[in-house]
Amino acid sequence: MNPPDGDDWISVTEASLSAQRLTSWASRPDCGAVVTFCGTARNSSTNGRLIEALEYDTSVELAELRLGQVVAVARAKWPELVAVAIHHRVGLVNLGEPAVVIVVSSPHRQAAYDASRFCIDTVKSFVPMWKREVWEGGSAWSEEAQDLLRLEDL
Amino acid sequence: MNPPDGDDWISVTEASLSAQRLTSWASRPDCGAVVTFCGTARNSSTNGRLIEALEYDTSVELAELRLGQVVAVARAKWPELVAVAIHHRVGLVNLGEPAVVIVVSSPHRQAAYDASRFCIDTVKSFVPMWKREVWEGGSAWSEEAQDLLRLEDL
Amino acid sequence: MARILLLGPARDAAGRRHDELPGRTVGEVLDAAVARYGTDFGAIVRVSQIWLNAEVVGVDEALGPHDEVVVLPPVSGG
Amino acid sequence: MARILLLGPARDAAGRRHDELPGRTVGEVLDAAVARYGTDFGAIVRVSQIWLNAEVVGVDEALGPHDEVVVLPPVSGG
């Protein structure tokens with residue numbers, strides 16, 4: 001997967017995510033701040049079982065469309081942003097591996113931090129993506145589900 | 001430079017910083033969030049000149065002592081933090097390279113973001129570190145200087 | 001006939017991800033889906049958002065020949 | 001004689017990073033430093049924090065044989 005021509009980089013993929021690659025891509029001479037968020041698969045669950053992996057389900061096309069909208073809204077809220085990347089995995093993700101990586105760069109750190117938080121909060125409430133908790137001998141959809149927001153709610 | 005035995009990793013060094021290595025080190029199965037901040041050398045200055053590099057000066061011993069205090073205060077404020085690393089360069093840093101890398105991991109993202117911001121704000125106001133802007137044919141100390149805070153101010 | 005795409009828990013409850021169902025409106029397609037997949041699926045539809053292609057729609061929306069109805073339960077990604 | 005450590009702009013103004021200067025208190029050592037390095041250095045000392053080893057101190061603090069006075073101007077790191 002090659003970097004895009006522009007400053008937005010959206011991807012929903014079965015491949016492992018590389019926070020390092022996105023962070024390097026977003027580091028520019030005019031940016032004093034690069035904030036990288038990794039949302040990693042965690043070994044606790046909403047139902048108390050010992051989680052062995054997480055599995056993500058979506059429509060890649062619809063999820064990428066909405067991730068692009070998340071970035072567009074973030075750029076409208078924080079015009080000084082330079083590079084913005086959101087990559088999300090689908091399929092099985094092992095514990096400790098990132099399921100989502102968000103990288104934001106900007107001249108000053110306030111906008112980068114604020115936009116990074118906005119992006120992950122919005123990924124979780126606006127992007128069609130479902131998490132299944134997998135344990136030995138079984139699995140279930142996460143009970144942390146939120147109602148899907150509309151674009152006009154952002 | 002090898003990782004420490006514990007969950008705090010402090011370093012003030014002339015060597016290039018690796019955000020990737022710190023992010024991997026901080027990614028644990030009990031953490032759902034890893035926030036990585038790179039403060040990178042930027043090509044604009046406080047006096048309008050075309051910056052070619054930044055040069056950082058400190059006492060390594062005193063800076064590492066205070067970075068350790070920053071981490072201790074962050075852990076007291078956000079007890080759920082798991083791994084915390086702050087690495088800062090001294091000497092010449094080329095444009096686009098990180099001068100400081102802060103990595104914080106925690107089970108949930110709110111604490112990781114809040115602690116990350118606290119750490120970089122506090123690095124800039126509490127840790128003895130001076131930035132010199134270097135341009136073709138000259139250099140000068142940054143005019144962004146802040147009064148050094150005391151431990152009881154944090 | 002209209003295409004339907006079932007995501008996450010809706011896919012599980014229906015036992016499939018894609019289907020083709022009769023109906024001239026979104027509501028008619030959803031009614032046909034509940035009749036085919038059962039009441040557990042119906043319970044999920046009631047808390048789900050419904051899209052026509054990539055747009056949020058109401059049940060009265062009429063369907064064109066290439067439209068796809070998408071059932072999106074509450075999300076848990078990231 | 002007491003050791004003194006001059007950081008950042010204080011080092012520049014003094015033209016050195018380390019020195020040894022006479023004085024039994026922090027204030028006496030700083031006065032000796034200003035006398036040796038000049039008024040530009042004195043202007044920096046007035047806006048600087050002064051540490052004895054790794055602790056913030058006032059000018060009346062007495063010096064032991066292994067103490068180091070540190071001059072820390074306002075910071076600009078990160």
Side-chain angles (χ1 to χ4, degrees), chain B residues 12 17 37-42 45-46 54-70 86-90 93 98-102 116-117 119-133 139-153, chain D residues 1-21 23 26-27 29-30 33-34 36-61 63-78:
Chain B
V12 173
L17 303 183
F37 173 80
C38 295
T40 52
R42 194 161 66 90
S45 75
T46 51
L54 298 176
E55 186 172 11
Y56 290 88
D57 181 46
T58 190
S59 152
V60 170
E61 180 188 355
L62 295 175
E64 289 188 342
L65 180 93
R66 284 226 152 177
L67 287 175
Q69 291 174 329
V70 173
I86 309 181
H87 287 202
H88 204 303
R89 282 186 74 175
V90 289
V93 179
V100 57
V101 176
I102 295 172
S116 177
R117 282 182 98 137
C119 286
I120 183 59
D121 289 347
T122 308
V123 163
K124 286 180 177 274
S125 56
F126 176 73
V127 174
M129 184 68 71
W130 293 270
K131 180 166 69 181
R132 184 194 280 283
E133 300 174 345
S139 71
W141 296 104
S142 170
E143 292 167 17
E144 288 171 347
Q146 305 178 40
D147 287 331
L148 200 56
L149 296 182
R150 296 169 181 230
L151 185 56
E152 57 267 31
D153 300 328
Chain D
M1 298 296 277
R3 290 185 301 143
I4 191 165
L5 172 63
L6 306 159
L7 296 175
R11 181 198 65 186
D12 264 20
R16 74 202 72 190
R17 185 177 170 87
H18 293 282
D19 208 348
E20 299 226 343
L21 289 162
V26 168
V29 168
L30 292 174
V34 174
R36 183 173 292 182
Y37 311 135
T39 53
D40 286 357
F41 177 80
I44 288 175
V45 167
R46 279 195 295 279
V47 298
S48 292
Q49 206 173 81
I50 308 300
W51 292 6
L52 190 58
N53 309 312
E55 302 284 338
V56 180
V57 292
V59 290
D60 295 333
E61 194 79 15
L63 299 176
H66 303 293
D67 283 345
E68 182 173 56
V69 175
V70 191
V71 178
L72 303 106
V75 293
S76 56

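Lettering of chains follows the sequences in order, A, B, ..., and the numbering in each one begins at 1.
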Enquirer: For B:Trp130 and D:Ala10, indicate whether the former's side chain and the latter's backbone hold a donor-acceptor pair under 3.5 Å.
Expert: no
Enquirer: B:Arg89 versus chain D, heavy atoms under 4.5 Å apart: side chain, backbone, both or neither?
Expert: neither
Enquirer: To the nearest 0.5 Å, what is the distance between CZ on B:Arg150 and CD on D:Glu55?
Expert: 10.5 Å
Enquirer: Should we say atom CD of B:Gln146 is surrounded by more than 12 heavy atoms from elsewhere, each under 6.0 Å from it?
Expert: yes
Enquirer: B:Thr58 versus chain D, heavy atoms under 4.5 Å apart: side chain, backbone, both or neither?
Expert: backbone
Enquirer: Between D:Val75 and B:Phe126, is a side chain to side chain contact (heavy atoms under 4.5 Å, CB included) present by the stated rule, with each step listed?
Expert: CA-CA 8 Å; D:Val75 293; B:Phe126 176 73; over 6 Å; no
Enquirer: When you compare the side chain of D:Arg17 with that of B:Ser59, does any pair of heavy atoms fall below 4.5 Å?
Expert: yes
Enquirer: With distance as the sole test, does B:Asp57 use its side chain to make a donor-acceptor pair with the main-chain N or O of D:Gly8 at under 3.5 Å?
Expert: yes
Enquirer: If I measure from the heavy atoms of chain D, does B:Leu148 come under 4.5 Å with its side chain, its backbone, both, or neither?
Expert: both
Enquirer: State, with a plain yes or no, whether a side-chain heavy atom of D:Trp51 is found less than 4.5 Å away from one of B:Pro128.
Expert: yes
Enquirer: Report which part of B:Leu149 has an atom under 4.5 Å of a heavy atom belonging to chain D: side chain, backbone, both, or neither.
Expert: backbone
Enquirer: Of all of D:Val56, D:Asn53, D:Val47, D:Asp12, which one pairs up most often with chain B through heavy atoms under 4.5 Å apart?
Expert: D:Asp12
Enquirer: Do any N or O atoms from the side chain of D:Ser76 and from the backbone of B:Lys131 form a donor-acceptor pair under 3.5 angstrom?
Expert: yes
